[in-house]
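What follows is one structure encoded as structure tokens, with my remarks underneath.
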Amino acid sequence: MRIDKFLKVSRILKRRTVAGDACKAGKVSVNGKEVKPSYQLKVGDVVELAFAAGSLKFRVLQLKETVKKDEAPSLYEIVSSPAGQA
């Protein structure tokens, strides 16, 4: 699954265009490397998303085309998050 689609389906980012823009701006890295929106994500990859307030680092647990809102957190496991958030 493409990284931009995963970020949208998992509800980490609200829209796929926002996810694509973040990738193009160099704010998304997978296993320590910056990636483009078309990067093919795999289960077990560690993704880091840079925000102004810090960064969110998570491990991909599942890849699904669609999930309900309450099931979205089951797609990933947070490794580290910005200060004050969980």
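Positions are given from 1, in the same order as the sequence printed here.
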Can you tell me how far CZ of Arg2 sits from CD of Gln40, rounded to the nearest 0.5 angstrom? 7.5 Å
Restricting to ring pair (Phe, Tyr, Trp, His ring centres under 6.0 Å), what partner residues turn up for Tyr39, sequence neighbours left out? none
Minimal heavy-atom distance between Ser10 and Ala72, with the atoms involved, is O-CB, 3.4 Å
Say whether Val35 and Leu13 are linked into one hydrophobic cluster, either directly or through other cluster members, by side-chain heavy-atom distances under 4.5 angstrom. yes
Hydrophobic cluster membership, Leu63 vs Leu75, 4.5 Å side-chain cutoff: yes
Hey, does the side chain of Asp45 reach the backbone of Val60 with a donor-acceptor pair shorter than 3.5 angstrom? no
In the structure I gave you, are the side-chain heavy atoms of Val30 and Glu48 within less than 4.5 Å of one another anywhere? no
Could you state the interatomic distance from CD1 (Ile78) to CZ (Phe58), rounded to the nearest 0.5 Å? 9.0 Å
Looking at Gln62 and Val43, would you say the former's side chain and the latter's main chain have a donor-acceptor pair under 3.5 Å? no
Side-chain polar contacts of residues 15-29 - donor-acceptor pairs under 3.5 angstrom, sequence neighbours left out - could you list them?
{"residue": "Arg16", "atom": "NE", "partner": "Asp4", "partner atom": "OD2", "Å": "3.4"}

Out of Leu7, Ile12, Leu56, which residue meets the side-chain contact (heavy atoms from CB on, under 4.5 Å) rule with Tyr76? Ile12
Salt bridge (Lys or Arg N to Asp or Glu O under 4.0 Å) pairs touching residues 64-81, sequence neighbours excluded, are Lys5-Glu65, Arg59-Glu77
Any chain of hydrophobic side-chain contacts (each under 4.5 Å) joining Val67 to Ile3? yes
Scanning both residues in full, the closest heavy-atom pair of Ser55 with Ala50 reads CB-CA, 4.1 Å
